[in-house]
Amino acid sequence: FYANKVEEPLPYAFHPQLTELNLLIYEEHPTSLMSLTHLFHSWNINYSTVTDPSLISNALSKATANRKPIDIIVFGVNQLDTQHLAIHNL
């Protein structure tokens, strides 16, 4: 299998309703976090980030208080420690 060289980025389609979502990204690793934020930014999706599981609950409360509740929480690779109290209580 040989792939053709792409000179220009290929157009991608995303659903316009994605821009209405509010995401919370939990990722501890800076490079992975940068990749995720770049992806969601390119799709014009609203997001906020936390790098520690103990900050998740506060971020959810703050978003709700600002009348922009979180629709989806994105957990980075290997971030789902179900024994952590902050995640267990979600």
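This is a predicted model, so every value here is computed, not measured.
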Give the minimum heavy-atom separation between Glu27 and Gly76, together with the two atoms involved.
OE1-CA, 2.9 Å
Could you tell me which non-hydrogen atom of Pro53 sits nearest to which non-hydrogen atom of Glu28, and how far apart they are?
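Heavy atoms of Pro53 and Glu28 come nearest at CD-OE2, 3.8 Å.
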Quick check for you: to the nearest 0.5 Å, what is the distance between [X] atom [atom1] and [Y] atom [atom2]?
X	Y	atom1	atom2	answer
Leu36	Ile25	CG	CD1	5.5 Å
Ile56	Thr51	CD1	OG1	10.0 Å
Leu23	Leu18	CG	CG	9.0 Å
Ile72	Ile45	CD1	CD1	7.5 Å
Ile70	Lys62	CD1	NZ	11.0 Å

Where does the angle between the aromatic ring planes of Tyr47 and Phe40 fall among parallel (under 30°), tilted (30 to 60°) and perpendicular (over 60°)?
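Rings of Tyr47 and Phe40: tilted, 30 to 60°.
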Between Asp71 and Asn22, is there a donor-acceptor pair closer than 3.5 Å when you use the side chain of the first and the backbone of the second?
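Yes, Asp71 side chain to Asn22 backbone: donor-acceptor pair under 3.5 Å.
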Sidechain-backbone polar pair: Asp52 side chain, Ser54 backbone, donor-acceptor under 3.5 Å
yes
Report yes if the side chains of Leu60 and Ile73 come closer than 4.5 Å at any heavy-atom pair, otherwise no.
yes
Are Phe75 and Met34 connected, step by step, through hydrophobic side chains (Ile, Leu, Val, Met, Phe, Trp, Tyr) whose heavy atoms are closer than 4.5 Å?
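No: no chain of side-chain contacts under 4.5 Å links Phe75 to Met34.
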